[in-house]
**Q** 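Before I ask anything, here is the structure I am working with.
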Amino acid sequence: MVCTGYGHACREWKRLDEGLDYSQRSLNAWRQLGDQHGEAIAHNSLSGVHRDRGEVATALHHCEVAVAMFGEIGDRHAHAWALHNLANARRDRGDLEESLKLHREALQAREDLGDRYGQAFTHEAMAETYRRLGRPGEQRTAAEHALAIFDDLGDPRGEDLRALIDGRS
């Protein structure tokens with residue numbers, strides 16, 4: 001798990017080569033241990049690193065593996081995150097309608113689980129997809145949903161959304 005966590009941290013620090021290395025090490029370690037859940041987490045992590053590196057096809061592969069594995073394992077929270085990540089990767093590839101479909105699926109799963117933080121992230125991602133589709137009304141609505149949840153949770157991300165809604169970004 002250390003490799004997976006460090007791989008994610010490297011991604012946040014924009015040290016993508018290191019993030020890729022640690023995430024791949026994590027995947028190899030979980031495979032050797034025969035731990036499918038850990039392997040699925042590593043695939044999800046690798047998808048993010050590859051997206052950040054602009055390697056969308058590879059990111060999609062890791063997303064699809066993570067979605068399938070979390071679904072088989074029955075980890076509904078992780079499955080919803082993986083669906084969210086798959087939707088983002090589809091958006092990166094330009095499959096905007098498919099991205100929305102997957103985000104709606106992730107949003108429904110997160111609502112069913114009561115995962116408000118996840119709901120906010122998904123609404124925020126949907127706002128970006130609506131922006132790319134040139135649908136400002138739906139963009140604003142999705143951003144407002146995300147903002148309301150982030151504000152309710154006391155998360156500072158609300159400021160970025162407030163700027164988006166007010167037309168300052």
Side-chain angles (χ1 to χ4, degrees), residues 1-12 16 18-53 55-130 138 141-143 145-150 152-155 157:
M1 194 62 162
V2 172
C3 286
T4 305
Y6 193 67
H8 180 75
C10 287
R11 180 177 171 223
E12 293 294 315
L16 299 180
E18 281 182 82
L20 181 59
D21 179 54
Y22 279 99
S23 296
Q24 188 60 55
R25 285 187 201 186
S26 175
L27 177 61
N28 295 340
W30 290 120
R31 279 185 178 153
Q32 286 179 348
L33 291 170
D35 185 320
Q36 286 187 308
H37 192 263
E39 188 176 336
I41 291 169
H43 277 290
N44 215 25
S45 179
L46 280 163
S47 74
V49 174
H50 284 290
R51 277 189 64 228
D52 288 352
R53 290 168 56 104
E55 301 163 348
V56 179
T58 305
L60 279 166
H61 163 74
H62 287 291
C63 286
E64 289 166 351
V65 172
V67 166
M69 290 182 83
F70 285 131
E72 289 171 17
I73 294 165
D75 184 336
R76 294 171 51 211
H77 282 277
H79 187 255
W81 262 115
L83 280 170
H84 173 95
N85 291 340
L86 178 58
N88 285 341
R90 293 278 186 190
R91 182 182 63 215
D92 290 349
R93 190 171 78 178
D95 300 336
L96 301 179
E97 292 297 337
E98 179 65 15
S99 174
L100 283 176
K101 177 180 161 280
L102 290 163
H103 270 127
R104 287 184 189 110
E105 190 177 340
L107 182 61
Q108 183 63 57
R110 287 172 161 181
E111 288 172 354
D112 292 347
L113 292 164
D115 177 6
R116 298 195 64 231
Y117 194 63
Q119 290 171 46
F121 270 109
T122 300
H123 280 297
E124 182 179 34
M126 290 172 76
E128 173 58 21
T129 305
Y130 285 127
E138 290 163 297
T141 299
H145 284 301
L147 175 61
I149 297 168
F150 280 138
D152 190 49
L153 296 173
D155 190 293
R157 267 177 269 277

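Bear in mind that the values here come from a model prediction, so they are computed numbers and not experimental data. Reckoned from all heavy atoms, side chains included, excluding hydrogens, waters and symmetry mates.
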**Q** If I take atom CD1 from residue Ile41 and atom CH2 from residue Trp81, how far apart are they, to the nearest 0.5 angstrom?
**A** 13.5 Å
**Q** Show the nearest heavy-atom pair for residues Thr129 and Leu96, with the distance to one decimal.
**A** CG2-O, 3.6 Å
**Q** Would you compute the distance between atom NE2 of His79 and atom CG of Leu86 and round it to the nearest 0.5 angstrom?
**A** 9.5 Å
**Q** Look up atom CZ in Arg76 and atom CG in Leu113, then write down how far apart they are to the nearest 0.5 Å.
**A** 4.5 Å
**Q** Over all heavy atoms of both residues, which pair between Glu39 and Trp30 is shortest? Give the atoms and the distance, please.
**A** N-CB, 3.4 Å
**Q** For Phe150 and Tyr117, which heavy atoms make the closest approach, and how far apart are they?
**A** CE2-CE1, 4.0 Å
**Q** If you compare all heavy atoms of Ala127 against all heavy atoms of Ala143, which two are closest, and at what distance to 0.1 Å?
**A** CB-N, 3.8 Å
**Q** As an exercise, state the distance from NE2 of His50 to NE2 of His43, rounded to the nearest 0.5 Å.
**A** 10.5 Å
**Q** I'd like to know if the side chain of Asp95 and the backbone of Glu98 have a donor-acceptor N/O pair within less than 3.5 Å.
**A** no
**Q** Not counting sequence neighbours, which residues clear salt bridge (Lys or Arg N to Asp or Glu O under 4.0 Å) with Asp35? List them please.
**A** none
**Q** Compare every heavy atom of Ala66 with every heavy atom of Ala40, then report the nearest pair and how far apart it is.
**A** O-CB, 3.8 Å
**Q** If every non-hydrogen atom of Val56 is compared with every non-hydrogen atom of Ala89, which pair is closest and at what distance?
**A** CG1-O, 3.6 Å
**Q** Taking Arg91 for its side chain and Ala125 for its backbone only, find out whether a donor-acceptor pair lies under 3.5 Å.
**A** yes
**Q** Supply the atom-to-atom distance Asn85 CG to Ser45 OG, rounded to the nearest 0.5 angstrom.
**A** 10.0 Å
**Q** Among His145, Arg110, His103, which residue satisfies the side-chain hydrogen bond (donor to acceptor under 3.5 Å, both in side chains) criterion with Thr122?
**A** Arg110
**Q** Is a side-chain donor or acceptor of Thr141 paired with a backbone partner of Glu138 at a separation under 3.5 angstrom?
**A** no
**Q** Run Glu64 and Arg90 through salt bridge (charged side-chain N to carboxylate O under 4.0 Å, His left out) and show every step you take.
**A** CA-CA 11 Å; Glu64 289 166 351; Arg90 293 278 186 190; 3.0 Å; yes
**Q** To the nearest 0.5 Å, what is the distance between CG (Asp75) and NE2 (His37)?
**A** 3.5 Å
**Q** Run the side chain to side chain donor-acceptor pair (under 3.5 Å) test on Gln108 and Asp112 for me, step by step, so that the C-alpha distance in whole Å, both residues' side-chain angles and the decisive distance to 0.1 Å come before the verdict.
**A** CA-CA 6 Å; Gln108 183 63 57; Asp112 292 347; 2.8 Å; yes
**Q** Take a 6.0 Å sphere around CD of Glu128 and say whether it holds more than 12 heavy atoms from other residues, nucleotides or ligands.
**A** yes
**Q** Indicate whether any N or O donor in one side chain lies under 3.5 Å from an N or O acceptor in the other, for Gln119 and Asp115.
**A** no
